[in-house]
Each structure stands twice: as structure tokens, then as C-alpha cells.
Amino acid sequence: MIKVRGLMKSFGKATVLNGIDADIAKGEVVVVIGPSGSGKSTFLRCLNLLETPNGGEIEFEGKRITDKGLNIDVLRQNMGMVFQQFNLFPHKTVLQNISLAPIKVRNTSKSEADKIGMELLRRVGLEEKRDAYPSRLSGGQKQRVAIARALAMRPHVMLFDEPTSALDPEMVGEVLDVMKSLAREGMTMVIVTHEMGFAREVGDRLLFIDGGVIVEQGVPREVLANPRHPRTKEFLSKVL
Ligand code: ADP
Ligand code: MG
């Protein structure tokens, strides 16, 4: 579904991604781990062109999205993204947050968008919050709304950038549970996370990024139990 070759990204003189190769298959759950500043967010942001790569190629569903003239809007509709900081629209209700993009971008009728929105709210366990504003929600509830909002566009891939890092510990589980159910339903997902238990349990493959390259990858359980590269060992010794 996604094919990355020689991906490069610099900010000024700083090279942040230094030749990333990765393939993500349909239905695969890929977890990305690595030290702070190693390029994990930049990698995800390049996948949906929130950042413009400086080199290399990315294919998504057979189309080379790094070519000029690509319709970025269509690409983004097919790739949902969930951020650490939720990024909900503060002046819209929960249901409006979810139905806005389908109405504006997909020309879905309001009644149809609201119906889909309510189905998604049911799925993330927040039906009763439909008319609440984001400021009245807990962090875990906000993140579940953000996931529902991304799903409303019926994306083919979901990208998650540390979706639980801003949450109080007691709210991490409810968000991971929603992500687990998505994985079970076959959603293709790329997830940057520090939740190693989740990575082990839900990930089909784990990528360890350091210094803008994939240093090591494999089955999460195996990499976590038996890291081969010294940098992976050092990182895991700090976080496990
Ligand atoms: P991670 O998500 O692994 O913590 P990031 O991808 O956010 O790492 O950042 C990698 C490096 O790129 C960091 O040194 C960061 O400061 C730098 N960086 C990220 N985004 C920008 C930007 N928009 N402008 C300049 N530097 C950036
Ligand atoms: Mg990051």
C-alpha cells in the first residue's frame, strides 16, 4: 500500500531523514519507535506530504505521490492522521468535528454525515458526547473523537503520531483499545508510539528509527526481546 525509497528530508542544514526505505502492506500494523528527535514525526508527515521530501520516492496505492502535480487533497482524504495534541476544532461540537470534512470535502449531506458521525462515536464509546465542546472532554475522550474524525473520511491508512503521549496514564488504555479494534478490523496503520506493550501485542512489524534511518526492524516481540543493533539495545534499555 505504501512504498518508500531513499526518503530524504532536511530542515536547513540539518538532515532529519537520511534515506528511509519501507514497505507497508495493506492491513499491516507498523509501529515506529526511536529516540526523541530521531525523525519519527517527520517520517509520518512525509507520508501524507505534510512535509515535502527533499529526495527519494513515496508510492501510495501504486501512485508516486512525490511527483509534482499530485492532488494532495485526495491523498490526505485517503490517509487519516491522529496527532499527539488532538487538534480538534474548539468552537465545534464533537459531532460537528467529525462531520465537517465529509460535508465540506466529500459533499456528503449533513444528515448522512451526522449518521456516519454517530456510528463512529458509538464505535469509540462517546455517543453521549455528541453535542459537547472539546474543552469539556478529558484527554482520552478528545483523542477518541480525533480518531473518529479521521475515520469519517473512510481513509485507507491511518497514521498515528504518539497518540497517547499527551494523556494522563489512566486514559491511555481507552485510546489504545480503539486502535486495537481498528487493527483487528484490518485497518492499515503506521503508529509512532512509546507504548512497548501495545507495540508487542498489536504491531505486525516494528521499525526502530535513529538518526533519520531505520536502524533495525522486525517482528515487534523479537526485536523487543532480542535487539541486534547496539543503538536499539541502548534505546530499549532506557525505555523497557
Ligand atoms: P521525533 O518525532 O522522532 O521526535 P522529529 O521528526 O519531530 O523527531 O524531528 C527530528 C528533527 O527534525 C529534530 O531535530 C527537530 O528539531 C527537527 N525538525 C522537525 N521539524 C522541523 C521543522 N519544521 N523545522 C526545523 N526543524 C525541524
Ligand atoms: Mg515526534
Side-chain angles (χ1 to χ4, degrees), residues 2 4-24 29-58 60 65-66 72 75-76 79-88 139-140 142-143 146-147 149-150 155 157-169 171-172 175-176 179 188-200 202-203 205-218 220 223-224 227 229-240:
I2 302 176
V4 180
R5 290 293 176 273
L7 179 63
M8 308 282 294
K9 177 67 186 175
S10 315
F11 295 105
K13 284 184 186 152
T15 301
V16 171
L17 299 180
N18 198 5
I20 300 248
D21 297 321
D23 293 279
I24 293 150
V29 177
V30 174
V31 290
V32 179
I33 65 170
S36 178
S38 58
K40 305 180 299 296
S41 295
T42 305
F43 173 56
L44 273 198
R45 294 167 62 83
C46 281
L47 291 182
N48 68 357
L49 301 181
L50 279 176
E51 300 288 356
T52 309
N54 302 120
E57 288 174 2
I58 303 172
F60 174 52
I65 63 171
T66 33
I72 289 190
L75 168 73
R76 299 232 178 101
M79 282 198 194
M81 181 136 179
V82 174
F83 303 88
Q84 186 174 335
Q85 293 300 339
F86 326 123
N87 297 358
L88 296 176
K142 282 182 201 167
Q143 196 58 300
I147 294 172
R149 180 177 64 174
V157 179
M158 287 284 283
L159 310 176
F160 292 87
D161 193 357
E162 298 196 31
T164 60
S165 294
L167 301 178
D168 292 331
M171 291 168 189
V172 168
V175 172
L176 294 181
M179 294 166 66
T188 309
M189 306 204 274
V190 185
I191 305 166
V192 177
T193 186
H194 295 294
E195 295 292 332
M196 298 300 160
F198 175 84
R200 191 184 291 111
V202 182
R205 192 147 50 91
L206 176 145
L207 309 181
F208 172 66
I209 294 189
D210 194 10
V213 298
I214 297 175
V215 170
E216 182 163 352
Q217 62 176 302
V223 177
L224 294 173
H229 197 287
R231 278 147 80 186
T232 321
K233 286 183 188 167
E234 191 201 345
F235 175 73
L236 291 177
S237 74
K238 289 178 192 154
V239 300
L240 284 180

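The shown structure was predicted, so the numbers you read here are calculated from the model rather than taken from an experiment. All values below were derived from every heavy atom in this structure, side-chain atoms included, with hydrogens, water molecules and symmetry-related copies excluded. Note that ligands are numbered from 1 as they come in the structure, with each ligand's atoms numbered from 1 the same way.
- Scanning the protein for heavy atoms near atom 7 (O) of ligand 1, the closest one is Ser41 CB, 3.6 Å.
- Taking both residues in full, the closest heavy atoms of Glu216 and Val223 are given as OE2-CG1, 4.0 Å, listed atom of the first, atom of the second, then distance.
- Ligand 1 has Pro35 within reach: a non-hydrogen atom of the residue lies less than 4.0 Å from it.
- Closest approach of Val213 and Asn18 over heavy atoms only: CG1-O, 3.3 Å.
- Proximity of a side-chain donor or acceptor of Asp161 to a complementary backbone N or O of Ser41 within less than 3.5 Å is not detected.
- Residues Asp210 and Pro35 approach most closely at OD1-CG, 3.5 Å, considering heavy atoms.
- At least one donor-acceptor pair under 3.5 Å links the side chain of Lys40 to the backbone N or O of Gly34.
- Within the listing of ligand 1, atoms 4 (O) sit less than 4.0 angstrom from a heavy atom of Ser36.
- When hydrogens are left out, the protein atom nearest atom 12 (O) of ligand 1 is Val16 CG2, 3.1 Å; that is the closest non-hydrogen contact.
- Residue contacts with ligand 1 include Gly39, since one of its heavy atoms falls under 4.0 Å from the ligand.
- Between Met189 and Met179 the shortest heavy-atom distance is CE-O, 3.2 Å.
- Between Arg76 and Asn48, the shortest heavy-atom distance links the atoms NE-O, 2.9 Å.
- For atom 24 (N) of ligand 1, the closest heavy atom belonging to the protein is Phe11 CD2, 3.4 Å.
- Distances between N or O atoms of Gly37 and those of ligand 1 include at least one value under 3.5 Å.
- Counting only distance, with no hydrogens or angles, the side chain of Gln143 and the backbone of Pro163 share a donor-acceptor pair below 3.5 Å.
- Proximity of atom 15 (C) of ligand 1 to the protein is not indicated, since no non-hydrogen protein atom lies closer than 4.0 angstrom.
- Of the listed options Gln84, Lys40, Arg45, Lys40 places a heavy atom closest to atom 3 (O) of ligand 1.
- Note on the Mg ion (ligand 2): protein N, O or S atoms under 2.8 Å away count 1, no waters included.
- The closest protein non-hydrogen atom to atom 9 (O) of ligand 1 is Thr42 OG1, 3.8 Å.
- A cation-pi arrangement is present between Lys9 and Phe11, with the terminal nitrogen or guanidinium carbon under 6.0 Å from the aromatic centre and inside a 45° cone about the axis.
- Checked by atom type and distance alone, the side chain of Glu57 never pairs as donor or acceptor with a backbone atom of Ile65 at under 3.5 Å.
- Considering all non-hydrogen atoms of both residues, Ala22 and Phe43 come closest at CB-CZ, 4.4 Å.
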